[in-house]
Amino acid sequence: MNSVKTLDLYLFDIKNGFRENKIKIVIACVMFLFFANVTVKQCMLCQVEVGFWIYWTNILGGMPEYIKTETSTFELPVSWFLFYAYLYFLIGFYPITDLYNNGSHSLILSESRNKWMLSKFFWIVTMILFYFIIFTICLMINVFFIGEKDIALSQIITFYGLSPCIHSTEIIINYLVLPIITTIAMAVLQFVISIIWNAIYGYMLSVIILVVSVYWMKPFLIGNYLIVLRSGMFATNGMISYMGFVFDMGIIIFMMILGCLLFRKKDILKIREKI
Amino acid sequence: MEIVIQHLTKTINKVTVLEDVNMKLCSGHIYGFQGENGSGKTMLLRAISGLLCATSGKIVIDGQVLGKDISFPPNLGIMLENPAFIDSYTGYDNLKLLASIRRKNPDIKQVLEQVGLAANDKRKYRKYSLGMKQRLGIACAIMENPDLLILDEPFNALDQTGQDKLAEILLKKKEEGCLILLTAHDKDVLERLSDELFLVSKGRFERKAKECLENASSNQ
Amino acid sequence: MRRYLCLEFKRAFCNINFILAIAIAFGICIWHFIENVWKYRNYILDGTYPLSAFEKWIGADMSSLQPLLYFLLIPILCALPYARSFYFDVKSGFIIQLITRENKEKYIAAKFIIAFLNGAVIAVIPLIGDFIMTNTVFPAIIPQSGTGFFSICDTRIWAELFYTHPYVYLMLYGLMDAVFFGLFNTIAIWAVTFINNGFWITLMPFLSYAFIYCMFTFVDMLQYAPVFFLQPNQTFKTAIEAELFELLILVLLNVFFYLWYAKRERINYE
């Protein structure tokens, strides 16, 4: 009966989503080039022998566990915060814009609310992967032109004095796989809140999770899995990767099911919602 | 296609917008809904299109319960309220983008000409007049040869030529077996086009006697 | 003008988002109160100097989560009730109904004034509430320099005032916060010039604020980021001239865009 394929909806979302966000993507590229440039130049000034992954850690590593004392000052790792806060801004509003501002056409044409939700989920995953790819490319450009061209994973172990037993798989998991999956989990949480309640509150929740995670190093605050410097590789009591996977997958599955169930009952009252 | 509405009631914020609606709608007919502003016409169209969830009662489309077995009626063409499209695209591009979802490859140029819009118009949607926006909304609703066509006040903002064109399109679609649900403020237009007319008042729907419709048509 | 001000005042202050924004801000303050104030209620006289409300309230705390969270989120909270109103007026054409009844310049001016007031109120009222709450637990003992308990050292702005007339210091800082957050809130009004998206408009004050924070961090001049210099604890040494300069930029931008809208023949999205 349902002749519309999720793939067709997804392709529509890709076209539409990129069109809606093209200026934001350009701004992201400029931001990444700036981060990468500043980081590479700072490392060169210090005359430290580094490479691609050290620059990466400098930008997206975050900070070690914050220990509160009488004289400590709580600050955010700025580049890390801006990277993720901007990502949630980039992906947070397209589903709502598609649902309300563009006339709900895609929802009606999809012939299935679940397919519409699923298509948006795949769009979110695609955008997150794309975001990480353009960051990598921007960093690569700076590395290639002005930085140290070493891309070996072993430089992380040497530079940070980590245990030589650490396998490259573990590094890839902590640097790429886990942050991407955690980002997807938070994005799904934001997506469901924006569809069911309000997009701005969904975004605020993402920002709050990021900030609170920097302050408290707890396994259930999933923002901690985005902070590379808090992984088990760097800290003896650091975040455990498999726990991160469990929490992330749990959030993704739970929120998608909850979102689909709640969205099924949602009345789309206005074609052009005043949001 | 057959739509059976059984004891449909919808309450929003303690206000009953649809009250115990019962009707049977069949393909190849035009059903008109006439009533004051705020009487519930648009709400019923929203409920049938799957955008609203009933508080009680059900809508059965070809044996499948809407909201349970299916989320939306299959092969639906719809225009509700003021149509909304992407401001930075032309009319053609807007329709082309939407047509890519169902992949039925409709002849968009022909559909645009049918509603009285130029197929090669390079103007963006934001530059369209109200009448042009209305025509584009109609084009979007009919472009994929829907089995169910829901049009909420499609004659608004249309000039006489546009209204005649639309009436012609609706009669042609009816002959092709399409089930058409229509609301309008112009009583004469509704009576002329509709096979059955419902009077709506405070969420209640009442079928207007057929003799009245026949008399109205013969008087014209 | 008065009629516009009354109308816009109702739109800004009599809506659920205003209540929610204040509630969220108060929520952060209450969270800080429970975690960092109430816990220490039995230790007022334990140290070398009694614990004071001027040291324990959210504005004076630089090591906890809640102050940074508050001062980071406040531009979003300020923008929630009213930031998009001008965008909606222009987008929907409602602006025609408004300006044809009196005067376009007065309408625009009313928009800027109310956006400013709305931001100022949302930013400052919870801070006042937090200080009053802290005073229910700790005495308002005058701060003492040299004890090491108070974050304001003598190189900070108005440091002398803090140690002699702390209430005046807090009032001045409250006024500064109100002015800055009010001006940041008006960014949503003039962002309508080049943005045609409700979400962007609502988040423009926050994005500008966060962007400034990040850029100043990169150039190692954190003290000039409003996120820090607007906190009464003055975590980093800053100069009053820098703050006045930033204030001037915000004021000039508002004046420029007010004149831009006032001179334009039509205000709409084309």
Side-chain angles (χ1 to χ4, degrees), chain A residues 1-23 94 96-120 122-123 195-196 259-275, chain B residues 10-13 17 42-43 45-55 61-64 66-89 93-104 125 133 136-137 140-141 143-144 146 148 150 152:
Chain A
M1 184 69 134
N2 274 347
S3 57
V4 177
K5 298 188 184 85
T6 313
L7 178 65
D8 294 325
L9 263 177
Y10 167 70
L11 290 172
F12 168 82
D13 280 328
I14 293 291
K15 273 185 260 179
N16 210 20
F18 274 89
R19 180 197 54 79
E20 290 262 344
N21 290 305
K22 57 179 185 276
I23 297 173
Y94 169 68
I96 273 286
T97 309
D98 186 56
L99 184 62
Y100 291 119
N101 282 9
N102 295 343
S104 300
H105 292 296
S106 68
L107 175 62
I108 295 164
L109 290 169
S110 69
E111 296 183 3
S112 165
R113 291 187 183 218
N114 288 345
K115 273 190 189 162
W116 187 88
M117 288 285 281
L118 209 56
S119 171
K120 293 294 175 285
F122 288 132
W123 178 81
I195 291 293
I196 300 307
C260 287
L261 288 172
L262 291 173
F263 188 57
R264 243 196 235 172
K265 296 290 169 200
K266 187 174 168 64
D267 292 333
I268 316 297
L269 276 173
K270 288 189 196 314
I271 290 294
R272 196 176 280 137
E273 177 76 355
K274 286 186 168 50
I275 11 161
Chain B
K10 177 67 184 174
T11 309
I12 297 173
N13 296 335
V17 295
T42 305
M43 284 298 172
L45 298 186
R46 282 182 173 276
I48 294 172
S49 60
L51 292 171
L52 277 190
C53 303
T55 309
I61 299 174
D62 289 338
Q64 294 188 295
L66 191 65
K68 214 167 149 187
D69 303 320
I70 49 171
S71 302
F72 297 99
N75 204 11
L76 167 69
I78 186 168
M79 192 191 80
L80 281 180
E81 293 181 358
N82 299 321
F85 293 95
I86 299 168
D87 280 345
S88 53
Y89 276 19
D93 289 336
N94 266 297
L95 297 188
K96 193 171 157 206
L97 184 68
L98 291 168
S100 67
I101 296 176
R102 283 185 180 153
R103 285 191 185 261
K104 285 187 175 177
Y125 180 74
K133 287 178 181 175
L136 187 66
C140 181
M143 71 175 173
E144 285 167 326
L148 171 61
I150 294 178
D152 189 17

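Convention: sequence-line order gives letters A, B, ...; per-chain numbering from 1.
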Only one of Leu52(B), Leu80(B), Leu51(B) passes side chain to side chain contact (heavy atoms under 4.5 Å, CB included) with Ile268(A), and that residue is Leu51(B)
The interface call for Leu98(B) against chain A, heavy-atom contacts under 4.5 Å, is both
Closer than 4.0 angstrom, basic N to acidic O: yes or no for Asp267(A) and Lys10(B)?
yes
Ranked by heavy-atom pairs below 4.5 Å to chain A, first place among Leu97(B), Asn75(B), Asp87(B) goes to Leu97(B)
Looking only at heavy atoms, the pair that brings Pro73(B) and Glu111(A) closest together is O-CG, 4.4 Å
*Has Leu7(A) got more than 12 heavy atoms of other residues, nucleotides or ligands less than 6.0 Å from its CG?*
yes
The reported gap from NE2 in His105(A) to CD1 in Ile86(B) (rounded to nearest 0.5 angstrom) is 8.5 Å
Under 4.5 Å to a heavy atom of chain A? For Ser88(B) that would be side chain
Residue set satisfying side chain to side chain contact (heavy atoms under 4.5 Å, CB included) with Ala99(B), at least two apart, ordered chain then number -> Pro106(B), Ile108(B), Met143(B), Glu144(B)
If one checks every heavy atom of Leu107(A) against chain B at 4.5 Å, the contacting part turns out to be both
Output for pair (Ile108(A) CD1, Ser71(B) OG), nearest 0.5 Å, gives 12.0 Å
Interatomic distance, OG@Ser110(A) vs CZ@Arg102(B), rounded to 0.5 Å, equals 9.0 Å
Next on the checklist: Checking the side chain of Arg113(A) only, and the main-chain atoms of Phe72(B) only, is there a donor and an acceptor separated by less than 3.5 Å?
Outcome noted: no
Test item: Ser106(A) and Ile101(B) side chains (from C-beta on) under 4.5 Å apart, heavy atoms:
yes
Among residues 12-22 of chain A, residues within the sub-4.5 Å heavy-atom range of chain B, in order of number, are Phe12(A), Lys15(A), Asn16(A), Arg19(A)
